[in-house]
Amino acid sequence: MAKPPNSIGRSMPRSNEGLRLIFSAVIGIMLGYLFGISFPTVNITKLHFPSSIISYIEDRNSGITTQTLLNHAWASANNRKKNSSESNTDEIPKIYVPTNPKGAERLPPGIVVSETDLYPRRLWGDPSEDLTSEPRYLVTFTVGIGQKANIDAAVKKFSDKFTIMLFHYDGRTTEWDEFEWSKRAIHVSVRKQTKWWYAKRFLHPDVVARYDYIFIWDEDLGVEHFNAEKYIELVRKHGLEISQPGLQPDKGLTWQMTKRRGDQEVHKVTEERPGWCTDPHLPPCAAFVEIMATVFSRNAWRCVWHMIQNDLVHGWGLDFALRKCVEPAHEKIGVVDAQWIVHQAVPSLGNQGKSDNGRAPWEGVRARCRKEWGIFQTRLADAEKAYYLERGITPPNSTVV
C-alpha cells in the first residue's frame, strides 16, 4: 500500500526560497538608497561637454572611451554646482539687451556681430591668418557673356585694393574662368535681373560696411582714360559722397552735368537748357549724377540702399533723388573730369526683355523703365507729404524733381 505524500516536507524549501527573495530585495533597496545619496543629482540637459568630447562625437576613432566621456560629464557638473553655490543662491537673470540689434536682444553684446563683409575665407588653418589683405573698395559690374572682353579690360583698371563682384544676368559664369582675376572675384548669377535688383539684395549696408567706396557700374563702359586709385584720391580731395567719372561728351546722349570738362578735376554744377533748372542747386544742374557708373561713399550708400524700392528694378528716377542722402547735396555730389570714361551704349539689357503684342524686347523694357520712373516719383512725393502732414507742417509745393 502506497504512503501518502509528505506535504510538510515539500513546503519547507519553498518557504526558504521566498525568504531569500525578500531579503535580497531589501538589501538591494538599501544599497540603491546609499548609492543614490552618495552622488549629486545631475540634469543631463545641462551638462557642458568639453571640446575633447565634442571631438569624440565628431570622430569615433579618437580613442576616447565612454567611461572617459562620463568622467568629464560628472566633473563638469560638479564644478558648475560648486561654483554656483559659492557665488550666490539667487537665480541668474536672463540676458536682455535692448540696445542690441533687433532680434539679438537675448545675446550678450560681446558676441554680437552686426556687420559682415565679402572677403572670401579659407576652409583650413587659423582664421586670424586667412586674409593677407583687406580690400577697402568694392566694384560691381552687372554682366552678360557678350561683354566679356570689355569687362576684362575694365577690371584690370582696378588694383587688389578692390573687391571685384560680378552680377550675371544671363546665368553664364563658367566662361569667365579663363581670366585669372575671375577666380578671385565674387560671382552672383540670377537670370534677367538688373543691377539695382542685385544691389538691393546683395549689397546691404551691413554687408559692404568694410568698404570706403562702392562702385555700381554697367558693363558697357570704356575705361581707357580711367585709373581707379587716382579717382578715389580726387573724390576724397573734393569731398564727394556720390560721384561718377566724366563721360566723353561726343559719345551718345547724356546730360550736360555728366559730360566731361577738360579744364578741371571735378565739377559740381552746370547749365542746362532754359527752364530745366528751377534752382541752380537742384538736378539736373547740380546734385546730380547718372546711374550708369555711380560711386557711393559708405555713408551715402547706407541711405541710398534704403531708398531703392524692391519692385522697381531699373532705377529710373533714382538719380534725381540721390541728393536726399547727402547734405549739402550740391557740394557732395559731383563729376570727376580728370578720370573719365566712354559710355558705349550697348543695348544688352534691352535684349533681355520679352516680345509682347508685336513689340521688340527692348521696347517692353523701355516702357517698364518709364513706368517705374513715374511710380518712384509718386511714391517719394507721397512719402514726403505724409511726413510733413503727420507733424503738422505745410508741405512744400514740390520736393521731387
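A quick note: this is a predicted structure, and the numbers were derived from the prediction, not measured. Each residue takes its place number in the sequence, starting with 1.
- V269 and H267 get closest at one heavy-atom pair: O-CD2, 3.6 Å.
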Salt bridge (charged side-chain N to carboxylate O under 4.0 Å, His left out) evaluation trace for R172 with E175
CA-CA 7 Å; R172 299 174 65 178; E175 290 92 333; 2.9 Å; yes

Please lay out, stage by stage, how W197 and V190 fare under the test side-chain contact (heavy atoms from CB on, under 4.5 Å).
CA-CA 10 Å; W197 183 92; V190 183; 3.7 Å; yes

Decide yes or no on side chain to side chain donor-acceptor pair (under 3.5 Å) for S243 and Y213, but give the supporting numbers first.
CA-CA 10 Å; S243 64; Y213 293 94; over 6 Å; no

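- Looking at residues two or more places apart in sequence or on another chain, you find no side chain to side chain donor-acceptor pair (under 3.5 Å) involving R184.
- Applying the salt bridge (charged side-chain N to carboxylate O under 4.0 Å, His left out) rule to D212 yields the partners R136, R236, R298; only residues at least two apart in sequence or on another chain are considered.
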Evaluate side-chain contact (heavy atoms from CB on, under 4.5 Å) for L240 paired with I333, printing each intermediate quantity in order.
CA-CA 6 Å; L240 299 180; I333 299 179; 6.0 Å; no

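- With no hydrogens or angles considered, a side-chain donor-acceptor pair links D152 and W181 at under 3.5 Å.
- When atom types are taken as modelled, the side chain of W301 and the backbone of V208 share no donor-acceptor pair closer than 3.5 angstrom.
- Checked against L247 for a side-chain contact (heavy atoms from CB on, under 4.5 Å), the options V335, V342, T258 give a single hit: T258.
- Checked against the 6.0 Å centroid criterion, the rings of W217 and F226 qualify as a close aromatic pair.
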Run the side-chain contact (heavy atoms from CB on, under 4.5 Å) test on H168 and T173 for me, step by step, so that the C-alpha distance in whole Å, both residues' side-chain angles and the decisive distance to 0.1 Å come before the verdict.
CA-CA 7 Å; H168 299 270; T173 59; 3.5 Å; yes

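- Electrostatic pairing of E134 and R210 counts as a salt bridge here, judged by a charged N lying under 4.0 Å from a carboxylate O.
- For the atom pair CH2 (W305) and CD1 (I216), the distance works out to 12.0 Å, reported to the nearest 0.5 Å.
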Please determine whether salt bridge (charged side-chain N to carboxylate O under 4.0 Å, His left out) holds for the pair K195 and D218, giving the CA-CA distance in whole Å, both sets of side-chain angles, and the decisive distance to 0.1 Å.
CA-CA 8 Å; K195 69 177 181 180; D218 289 347; 3.0 Å; yes

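- The pair K332-E327 does not meet the salt-bridge criterion, since no charged nitrogen lies less than 4.0 angstrom from a carboxylate oxygen.
- Annotation for Y387: atom OH does not count as buried by contact number, only 12 or fewer foreign heavy atoms lying within 6.0 Å.
- A distance of 13.0 Å separates OG1 of T194 from CH2 of W316, quoted to the nearest 0.5 Å.
- Without hydrogens or angle criteria, D319 side chain to F288 main chain gives no donor-acceptor distance under 3.5 Å.
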Verify side chain to side chain donor-acceptor pair (under 3.5 Å) between E229 and S159, making sure each step is shown before the conclusion.
CA-CA 8 Å; E229 292 187 39; S159 69; 2.6 Å; yes

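- Between I242 and V326 there is a side-chain heavy-atom pair separated by less than 4.5 Å.
- Across R121 and P127, no two heavy atoms sit closer than the pair NH1-O, 3.5 Å.
- The existence of a salt bridge linking R261 and D337 is excluded, since no basic side-chain nitrogen approaches an acidic carboxylate oxygen closer than 4.0 Å.
- With values rounded to the nearest 0.5 angstrom, K324 atom NZ is found 12.5 Å from L318 atom CG.
- In summary, E233 and K237 do not engage in a salt bridge, as defined by a charged side-chain N under 4.0 Å from a carboxylate O.
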Determine, stepwise, if the pair V295 / V235 fulfils side-chain contact (heavy atoms from CB on, under 4.5 Å).
CA-CA 9 Å; V295 181; V235 163; 5.5 Å; no

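- Contact between G315 and I291 at its shortest, heavy atoms only, is O-CD1, 3.5 Å.
- Applying the 6.0 Å contact sphere to CD of E178 captures more than 12 heavy atoms from other residues, nucleotides or ligands.
- Checked by atom type and distance alone, the side chain of Y211 never pairs as donor or acceptor with a backbone atom of S297 at under 3.5 Å.
- Contact detail for H314 and W196: the closest heavy-atom pair is O-CD1, 3.4 Å.
- No option in Y231, Y137, F141 other than Y137 meets the ring pair (Phe, Tyr, Trp, His ring centres under 6.0 Å) test with F162.
- Residue E219 holds its CD atom at 6.0 Å from CD1 of I151, rounded to the nearest 0.5 Å.
- Ion pairing of R191 with D170 is absent here, as no side-chain N (NZ or NE/NH1/NH2) approaches a carboxylate O to less than 4.0 Å.
- When all heavy atoms of P280 and A286 are compared, the closest pair comes out as O-CB, 3.2 Å.
- Annotation: side chain of V336 is not in contact with side chain of Q244 (no heavy-atom distance under 4.5 Å).
- Between the side chains of S189 and Y169, no donor N or O sits under 3.5 Å from an acceptor N or O.
- Heavy atoms from other residues, nucleotides or ligands lying under 6.0 Å from CD1 of I393 number more than 12.
- With sequence neighbours left out, the disulfide (SG to SG under 2.5 Å) criterion links C369 to no other residue.
- Under the 3.5 Å distance criterion, the side-chain polar atoms of E372 are matched with a main-chain donor or acceptor of V313.
- In this structure, the side chain of K200 engages the main chain of I308 through a donor-acceptor pair within 3.5 Å.
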Does R260 form a side chain to side chain donor-acceptor pair (under 3.5 Å) with Q248? I'd like the steps, not just the answer.
CA-CA 6 Å; R260 170 185 176 254; Q248 184 170 316; over 6 Å; no

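- Note that the CG atom of L322 and the CE atom of M307 stand 5.5 Å from one another [nearest 0.5 Å].
- With hydrogens and angles ignored, the 3.5 Å screen pairs no side-chain donor or acceptor of K157 with any backbone N or O of A228.
- Annotation: ring pair (Phe, Tyr, Trp, His ring centres under 6.0 Å) contacts of H238 (sequence neighbours excluded): none.
- Under the rule for a side chain to side chain donor-acceptor pair (under 3.5 Å), N100 has no partner lying at least two apart in sequence or in another chain.
- The environment of R273 atom CZ is sparse: at most 12 non-hydrogen atoms of other residues, nucleotides or ligands sit within 6.0 angstrom.
- For H187 and W176, the gap between ring centers reaches or exceeds 6.0 Å.
- The OG1 atom of T163 sits 6.5 Å away from the CG atom of L118 when rounded to the nearest 0.5 Å.
- Remark: K385 engages no residue in a salt bridge (charged side-chain N to carboxylate O under 4.0 Å, His left out) (not counting sequence neighbours).
- R379 contributes no side-chain N or O that, together with a main-chain N or O of Q309, makes up a donor-acceptor pair within less than 3.5 Å.
- Outside the 6.0 Å centre-distance limit, the rings of F215 and F296 are not counted as a close aromatic pair.
- Of all the heavy atoms in V289 and G334, the pair that sits closest is CG1-O, 3.5 Å.
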